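What follows is a set of notes on a single structure, which appears directly below.
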Amino acid sequence: MTVLDITKYFGPTTGGIRTYLLEKARYVARRPGLRQVVVVPAGRDEVRDEGGTRWYHLRSPRIPLDRRYRFLLRARRVSKIVEAERPDLIEVGSPFLVPLLARHANRRLRAPMVWFFHTNYPAIIAPPGRTHRWPVARLGELAWRRVVQTSRAFRATLVAADSVAHELETRGVEGVERVTLGVDLDGFHPRRRAWRSETRARLCLPGGRLALFTGRLAREKQLDVLVEAWRTVGPLAQATLVLVGDGREPALAEDDRRWVRRLPYLSDRGLLADLLAAADLYVAPGPAETFGLSALEAMACGTPVLSVDAGGAADRVRASGAGALYPPGDPAGLARIALQLFQADLEALGRVARAWAERHHGWDTAFDRIFEVYQQILHRA
């Protein structure tokens, strides 16, 4: 089976979708009957083969408002790739223009196509838990209509969180397939907690209690709610919050900087795992997450999770019992639950988190299910 993956969400400092594609390539490399073709935007044209995967990097312009990402507009080039590679199935991992581009490129081959719903853009436009003025609420409804319309071009829509799958089905999306994502259980491991002091010293972080967020510093992550809550949590719990990633830093007053620190994007996955293991608590404040891969990586390191009660990260916490949830858009609620967690046995919760990750979220388990869905779709074709 040859699967072609196409997405615009791939770059040197991007997150979960990049990890998904790289892990998928490793899975394919260990299975001679599988082959993968990946089409992503880049700064220059490049084609390379690694294991069972051929990577097409297509020179593309940056997106002005978020320069970590690039447009993928090379319709003629993508069409030639599809015609040359003749995939059995095409997976689209982006909304908006990329589904249209994939349909155009596939017009002759007519291979079955699936859409992996990696980005819950209606929830980004109109986040749950907040009251929205009419224009924003209307834009959110129009976005959901667009999601339903886009899904009709695909044999199935893959979703990695039950709550998001339920929302899609409620909105009228047909052919929803529940899958999951995984974590590198060897790389993200509680043994790294043994050198917590060394990791904190290396990154110039203080001793004492440490809470952590890693990911894009973007509006939809609701870091403003987290920072506001930490004005209470920091002094009362004597806990430092560390924000790790690229993007626009939330507004910090001078007094905030005592309890809130900032680190840049960590490209070294080993160092990231060390940092996740060095934290006492991971915070997942984004209500639009379609899975919450960073939260799962923290759980695999034995670090419990405090998540907003919406989106994919909340599903992980609710199912595992390895943390707690707070109401969306509620700084006071976040502060109250965080303070309760800091009084709990975080080490015990961390052991629960690791056990859950081991049972349910190895990458082989995740991709076994995804390729099972592919096979089912091909048999129906």
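We count residues from 1, following the sequence as given. Everything quoted here is computed from the prediction, not taken from an experiment.
Among residues two or more places apart in sequence or in another chain, the salt bridge (charged side-chain N to carboxylate O under 4.0 Å, His left out) test is passed with Asp309 by Arg318.
By the neighbour-count criterion of 12 heavy atoms within 6.0 Å, atom CD of Glu174 is sparsely surrounded, having that number or fewer from other residues, nucleotides or ligands. Annotation for Arg48: atom CZ counts as buried by contact number, over 12 foreign heavy atoms lying within 6.0 Å.
Applying the side-chain hydrogen bond (donor to acceptor under 3.5 Å, both in side chains) definition to pairs two or more places apart or across chains, those involving residues 200-212 are Arg200-Asp280. For residues 249-271, no pair satisfies ring pair (Phe, Tyr, Trp, His ring centres under 6.0 Å), with sequence neighbours left out.
For the residue pair Thr180 / His361, a side-chain donor-acceptor distance below 3.5 Å is found, with atom types taken as modelled. For the residue pair Tyr56 / Glu46, no side-chain donor-acceptor distance below 3.5 Å is found, with atom types taken as modelled. Of the N and O atoms on the side chains of His189 and Arg192, not one donor lies less than 3.5 Å from an acceptor on the other residue. Side chain to side chain, Asp315 and Ser163 meet the donor-acceptor criterion of an N or O pair below 3.5 Å.
With Arg155 as the fixed residue, the side-chain contact (heavy atoms from CB on, under 4.5 Å) test singles out one of Leu89, Leu378, Val373, Ile377: Ile377. The only option from Leu212, Leu276, Leu217, Leu203 that meets the side-chain contact (heavy atoms from CB on, under 4.5 Å) definition with Val244 turns out to be Leu212.
By the 4.5 Å heavy-atom criterion applied to side chains, Val147 and Phe117 are counted as neighbours. Side-chain contact between Leu243 and Pro250 is present, with heavy atoms from C-beta onward closer than 4.5 Å.
Annotation: the span from Leu181 atom CG to Thr365 atom OG1 amounts to 12.5 Å, rounded to 0.5 Å.
Using the six-membered ring where Trp is involved, Trp363 and Phe367 have ring planes that are parallel, under 30° apart on the 30 and 60° scheme.
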